[in-house]
There are 2 protein chains.
Amino acid sequence: MTNDRHLLLLGLLRAQEMHGYQLNEFIDQQMDFCVDLKRSTAYYLLDKLCRDGYVAEEVEREGNRPERRVYRITPAGEVHFQDLLRQNLATYVPPVYAEDIGVIFEHQMAADESLRLLNARREAIQSYRARLEVLHVNLPPSHTAVIEHHLLHVDAEIVWVDRLIAARLKRSPTTPALHE
Amino acid sequence: MTNDRHLLLLGLLRAQEMHGYQLNEFIDQQMDFCVDLKRSTAYYLLDKLCRDGYVAEEVEREGNRPERRVYRITPAGEVHFQDLLRQNLATYVPPVYAEDIGVIFEHQMAADESLRLLNARREAIQSYRARLEVLHVNLPPSHTAVIEHHLLHVDAEIVWVDRLIAARLKRSPTTPALHE
DNA sequence: GGGGATATACTCAGTTCTGATTAATCAACG
DNA sequence: CGTTGATTAATCAGAACTGAGTATATCCCC
């Protein structure tokens, strides 16, 4: 849901009032690995939150610079934050996995090519896992729970792609080994 | 990416030409558990695929019924399908997990409430897992790979929520057991 | 001291997605 | 044989999202 983005922005503004640019910088630098929020989308959401009365904006003019707005959470926003947080913590919305669509049609491909592609995927997953490991040791402890979450899922993903590769090899054992 | 939705539609139309309604019925009945595609979105995507030349539509008029269009894949669409399938199989785009946002702010809550909510989540995950198990034995073998994919991830999710609960209990061991 | 890169700060037109609605057909019940 | 509820089939206004663009200030090197 887009609710989680509202939760994110309200949570950040709750800790500290900010203008849009600052907020975007923060998200890009600290939360890049777990949220996907374009800068223009953030501005859109801030405006929406504003229209809904959950944040208030104050325009700052200085010389003839482009104007900047400071956003701060309102009492209604505070309540909404609590609601969204409770909702987020208490529910589980299973994600949609893009990879599912591919495997549905995978059998329509030549075994060789299919295996080559799946091996490439395996490497892509591994290299993403490596990046997570780096984050795991570098990021502050406040992020470890999230990183560990991603590690659990990425490991599940490796198990799965290995199963797919094994299954494909079993069905049509042509040119078995492509890597090492 | 929205590319995966294009892949899905092209893949289905490749197997059999259809009109929009038929396609929507099929997706709702057979693929509900792994794709999230609103009917109106499907019509939008079909139109887009059409404008891009990947599918051709043929309008069927009959009496004064609302008109229906039959969609079939074009040669360009066939090529595009191959490209999208290769791309899908060879890459890994880590999903964004909604739950991450919640845990970032979870520590700002009373321990009691946090534990209550996380336990509710645990149950939600378990009940989703149960539904997957039912699908696992009921759906045709063509779907088993996908179901197993979801089972792997849902199990990862249970491990994670248990860790969160344990960590919260360790930090503030108030009213330890909420369920049984 | 001029000019090219970088940082600050947002806007906007265009694309994508969705909930609500429309509209005809059909089955079936009293 | 009228009306009501499901089925077939798709539209559309509006919400959500994004890439490309605008505009000023500031830093720094030659």
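Numbered from 1 within each chain, the chains take letters A, B, ... in sequence-line order.
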Shortest side-chain distance from A/R69, nucleotide among D/dA16, C/dT8, C/dT11: C/dT11
Side chain of B/Y21 - closest among D/dT8, D/dA16, C/dT16: D/dT8
B/Y54/B/F81 aromatic ring centres below 6.0 Å: no
For [X] and [N], what is the distance between atoms [atom1] and [atom2] respectively, to the nearest whole Å?
X: A/K48; N: C/dC10; atom1: NZ; atom2: P; result: 20 Å
X: B/H19; N: C/dA24; atom1: NE2; atom2: C1'; result: 14 Å
X: A/N3; N: D/dA15; atom1: CG; atom2: C1'; result: 14 Å
X: B/N24; N: D/dT7; atom1: CG; atom2: C1'; result: 14 Å
X: A/D28; N: C/dT8; atom1: CG; atom2: C1'; result: 14 Å
X: A/L37; N: D/dG19; atom1: CG; atom2: P; result: 12 Å
X: A/L49; N: D/dA15; atom1: CG; atom2: P; result: 16 Å
X: A/D36; N: D/dC17; atom1: CG; atom2: P; result: 11 Å

CA sep, side-chain torsions, deciding dist, call: B/L10, B/R14, side chain to side chain contact (heavy atoms under 4.5 Å, CB included): CA-CA 6 Å; B/L10 287 175; B/R14 191 167 177 264; 5.9 Å; no
Distance-only side-chain donor-acceptor flag, B/Q16 / B/R72, under 3.5 Å: no
I'd like to know if [X] and [Y] make a salt bridge, using a cut-off of under 4.0 Å between side-chain N and carboxylate O.
X: B/D52; Y: B/K48; result: yes
X: A/R69; Y: A/E60; result: no
X: B/E106; Y: B/R121; result: no

Donor-acceptor contact below 3.5 Å, side chain A/D4 vs main chain A/N88: no
Listing, residues 146-155 of chain B side-chain donor-acceptor contacts under 3.5 Å, not counting sequence neighbours, or none:
residue: B/E148; atom: OE1; partner: A/R163; partner atom: NH1; Å: 3.0
residue: B/E148; atom: OE2; partner: B/H136; partner atom: NE2; Å: 3.4
residue: B/H149; atom: ND1; partner: A/D100; partner atom: OD1; Å: 2.6
residue: B/H149; atom: NE2; partner: A/E99; partner atom: OE1; Å: 3.4
residue: B/H149; atom: NE2; partner: A/E157; partner atom: OE1; Å: 2.9
residue: B/H149; atom: NE2; partner: A/E157; partner atom: OE2; Å: 3.3
residue: B/H149; atom: NE2; partner: B/H153; partner atom: NE2; Å: 3.2
residue: B/H150; atom: ND1; partner: B/Y128; partner atom: OH; Å: 3.3
residue: B/H150; atom: NE2; partner: A/D100; partner atom: OD2; Å: 2.6
residue: B/H153; atom: ND1; partner: A/H153; partner atom: ND1; Å: 2.8
residue: B/H153; atom: NE2; partner: A/E157; partner atom: OE1; Å: 2.5
residue: B/D155; atom: OD1; partner: B/R129; partner atom: NE; Å: 2.6
residue: B/D155; atom: OD1; partner: B/R129; partner atom: NH2; Å: 3.3
residue: B/D155; atom: OD2; partner: B/R129; partner atom: NH2; Å: 3.0

Step-by-step salt bridge (Lys or Arg N to Asp or Glu O under 4.0 Å) determination, B/E25 to B/R39: CA-CA 9 Å; B/E25 283 290 290; B/R39 279 169 182 243; 2.5 Å; yes
Strand contacts (DNA chain C) in residues 38-47 of chain A, 4.0 angstrom heavy-atom criterion: A/S40, A/Y43
Base-pairing string, 5' to 3', of DNA chain C - Watson-Crick or wobble, under 3.5 Å, | interstrand: ||||||||||||||||||||||||||||||
Phosphate-side-chain proximity, A/R5 and D/dA16, N/O vs OP1/OP2 below 4.0 Å: no
N or O in side chain of A/T2 less than 4.0 angstrom from D/dA15 OP1/OP2: no
